Structures are given as C-alpha cells and as structure tokens.
Amino acid sequence: AMYNDMPVGNPIHTNEKDINNFFGFAYGTVIPPTEDILANLFIQSRDKNGSVSCPRFSFKRLIFSEEIKYAITQGYGFEMEWGYKFERGRGVFDKFVREVYNEKRYASNIVVRNTRKLELNSLYGKFAQKDQHSIIKIVRKSEAKNLTKRFNYQYITTLNNDLVLIKYSSRMNEKLRILYKNAVSQKDQELSGLFKMGGIPSAIQISAAISAYARISINKYKNIPGNKCYYSDTDSVILRFAIPIEHIGDDLGQMKLVYTIEEGILIRKKLYVLITKEQGVVIKSSGVNSKKLDYNMFKELLSGKNEKP
C-alpha cells in the first residue's frame, strides 16, 4: 500500500465534479450496488451513534479518490460534490519499505525481524497520530511546581513575581519519574523538566491514503467470482477455494497460505474456531483467553446460547 502515489503538498479546495480528473479526498454521495452485482460491500459508513457498516443504501462521505475509483469498477456509483485536491507524490516510501522489508525478510535474529516489522507497520500511522491533549493555565508558582512534578509539560513562562503560564499534558509515568529522579542530579532535573519539544507534525492525508490502499488490496479477494468469502480482516481472508499460486509468496503484496481449513465456526470478527490440516484446532478470541475456550463452546455460541469461559 505504501508503494502507491501519496497525497502531498498543500490541499486545494475544489468544486470538481469528475472523480476521474481528481486526486485527493472527494465528498459526495456513495451509491452501493445491489447484491446480485456485488455480494460483499466494502465502502464504510459511520452512523450518528458511531457504528460502522457497509450499507446497501446511499450515503454521503469524504473518501480517498483512489478508493472510490476502485469501488466504481466494482459496481458502486459516486456523485461528487467537492473535494480537497493534492499533488501526487510518487515513490515517497519506496526506498524505506524496500530496505526495511528486506531486512525483516532475511533477518536471522527474531528481535531484528520483529523490530523491522514494527517499523513497517508503525510508520504510516504516525502521520495521523494526534498530539496529546494539552492544558494551558496561568497559575501561581507553587502550583506550577506541583504540576511539573506530576505531568509532562511543554513550556513554562514567568509572567510576574507570582504567576506563570504553563502548558502541560498527560501524567508522567511514575516509574519513569522515579528512575529519572534517582539517575539525574537535581539541577539537571530543574533545567530539563523532562521537557518535550513541540508537538507531533501530522499529515493525516498520508495515513488515510495508505489505509485506503490497504483496503483496496484486501477487497480484491472478497468478491472473486465462484470463490465465496466467509470472513475477512485487515489483511486476511477465509475463502472457499485456494487462490491462484501466483498470488502466494513472500514478496510485498503477496498473500501467505496460513491454514487449510477442514471445518470452522465464525462467530464475529476475531472470534472463531478452525479445524486445520496444519495445526489442528485454532482458536482466535480477542478479549478472551483462548485457552479457556473449546470447540463445543463455539457450537453453543452458534446456537445462540451464552458461554462463560
């Protein structure tokens, strides 16, 4: 996903109506296809209660241009009203991804491999990471001194003999505070105050674009003619039949055949049991200790009964 063109530069608001002549984030009406055209919808909508779904009815939203262009090829309609246009940044992450992925792929040390994996998975999310919520106050020096001991603070400025202006955010980790107190001299503590320089520079359009490209990648497997999709997650699918061998491998963009499934019960996202040829019974249960679950419990859940692990 990170190999694709990225939205860079300053956004330009436009009343462009033709999505094909546009690169950026478009606002308009999304018109989903009927089930006989596309069995598994993939353009999401969030309702007023915060619930996310892929509805069959029309709805309005702001969406990355390349994602809706792909959706149109799958039967969606889109009536664009306006958008934020960006320049196309080509090869923005190519060198980074190529080098770090190769280091991960050929690493003989598990620590190196996991570190490189974390670097690959974390980078693009950092562009959308928001700064910690900060509080700015004018307080007496005595109160400011207390705040600097309990919270991370970005700056503190003396206003007069008794008042200071202070900006602080989250509470300091207690173990870190004690470690720092014991390791650093009192003078250096007062000078640094665990000072945090500036905020977090963000480019949320890049994170949004990469997430959209990733959805396009996995959605290509959800509606393969004659190959029913039973389940999908961020980067995985459970299909009725194996996919062509050319799609399986260790190169970027390829899939990995994890299990050959003989039987399974899929309750909801991240809650399922599989009987596989490779590893026997495999249980996934986000939020619940999988060791406390068994196949019969999933059969009970499937029938509508409650189960306590």
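Along the sequence shown, the residues carry numbers beginning at 1. Just so you know, these numbers come straight off a predicted model, no measurement behind them.
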Common cluster, Tyr221/Tyr230, ILVMFWY with side-chain heavy-atom separation under 4.5 Å
no
Within the 4.5 Å heavy-atom criterion, are Leu123 and Glu119 side-chain neighbours or not?
no
Does Asn223 use its side chain to pair, donor to acceptor, with the backbone of Asn40 at less than 3.5 Å?
yes
For the salt bridge (Lys or Arg N to Asp or Glu O under 4.0 Å) test, which of Arg98, Arg105, Lys256 pairs with Asp251?
Arg105
Could you tell me if the side chain of Ile43 sits less than 4.5 Å from the side chain of Arg61, heavy atoms only?
yes
Could you tell me whether the side chain of Asp233 and the main chain of Ser236 form a donor-acceptor pair under 3.5 Å?
no
Donor-acceptor pair, side chain of Thr73 and main chain of Tyr70, under 3.5 angstrom
yes
Report yes or no: do Ile218 and Ile210 belong to one cluster of Ile/Leu/Val/Met/Phe/Trp/Tyr joined by side chain heavy-atom distances under 4.5 Å?
no
Between Thr276 and Gly280, is there a donor-acceptor pair closer than 3.5 Å when you use the side chain of the first and the backbone of the second?
yes
Under the side chain to side chain donor-acceptor pair (under 3.5 Å) test, which residues partner Thr234, sequence neighbours left out?
none
Salt-bridge present (Arg215, Glu67; N to O < 4.0 Å):
yes
Membership question, hydrophobic clusters at under 4.5 Å side-chain separation (ILVMFWY): are Ile12 and Tyr84 in the same one?
no
Are Phe42 and Tyr76 close enough that their ring centres sit under 6.0 Å apart?
yes
Main chain of Tyr231, side chain of Tyr272: is a donor-acceptor contact present, judged purely on distance under 3.5 Å?
no
CE/Met255 to NE2/His247 distance, rounded to the nearest 0.5 angstrom?
10.0 Å
Under the criterion side chain to side chain contact (heavy atoms under 4.5 Å, CB included), I'd like the reasoning laid out for Met2 against Tyr213: C-alpha separation, chi angles, the key distance, then a yes or no.
CA-CA 8 Å; Met2 294 173 72; Tyr213 283 130; over 6 Å; no
Checking side-chain hydrogen bond (donor to acceptor under 3.5 Å, both in side chains) for the pair Lys149/Asn146: CA distance, chi angles, key distance, verdict?
CA-CA 5 Å; Lys149 292 179 180 179; Asn146 185 41; over 6 Å; no
Within this structure, what is the CG-CG distance for the pair Leu266 and Leu301, rounded to the nearest 0.5 Å?
12.5 Å
Is it the case that one hydrophobic cluster holds both Ile261 and Leu257, taking links as side-chain heavy atoms less than 4.5 Å apart, direct or via other members?
no
I'd like to know if the side chain of Gln254 and the backbone of Glu246 have a donor-acceptor N/O pair within less than 3.5 Å.
yes
Quick one: pull up CZ in Arg113 and CD1 in Ile110 and give me the separation to the nearest 0.5 Å.
6.0 Å
For Glu143 and Val164: C-alpha separation, side-chain torsions, deciding distance, then whether side chain to side chain contact (heavy atoms under 4.5 Å, CB included) applies.
CA-CA 9 Å; Glu143 184 180 349; Val164 297; over 6 Å; no
Could you check whether any side-chain heavy atom of Leu271 comes within less than 4.5 Å of a side-chain heavy atom of Phe298, counting everything from C-beta outward?
yes
Any sub-3.5 Å donor-acceptor pair from Lys284's side-chain atoms to Leu274's backbone N or O?
no
What's the spacing between Asn114 CG and Asn109 CG if we round to 0.5 Å?
9.0 Å
Measure from the side-chain N and O atoms of Ser51 to the backbone N and O of Asp47, and report whether any donor-acceptor pair falls under 3.5 Å.
no
Quick one: do Ile216 and Leu62 end up in the same hydrophobic cluster if we chain Ile, Leu, Val, Met, Phe, Trp and Tyr together by side-chain heavy atoms under 4.5 Å apart?
yes
Nearest 0.5 Å, what's the SG-NZ distance between Cys54 and Lys222?
7.0 Å
May I ask you to decide if Ser53's main-chain N or O and Ser45's side chain share a donor-acceptor pair within less than 3.5 Å?
no
With side chain to side chain contact (heavy atoms under 4.5 Å, CB included) as the criterion, how do Cys229 and Ile224 come out once you've worked through the C-alpha distance, each side chain's angles and the decisive distance to 0.1 Å?
CA-CA 8 Å; Cys229 177; Ile224 301 174; over 6 Å; no
As an exercise, state the distance from OH of Tyr168 to NZ of Lys137, rounded to the nearest 0.5 Å.
3.5 Å
Is there a donor-acceptor pair closer than 3.5 Å between any side-chain N or O of Ser207 and the backbone N or O of Ala203?
no
Between Thr14 and Lys85, is the side-chain hydrogen bond (donor to acceptor under 3.5 Å, both in side chains) condition met? List the steps.
CA-CA 7 Å; Thr14 175; Lys85 188 175 183 179; over 6 Å; no
Students often mix this up, so state it plainly: with edges at 30° and 60°, are the rings of Phe25 and Phe64 parallel, tilted or perpendicular?
tilted
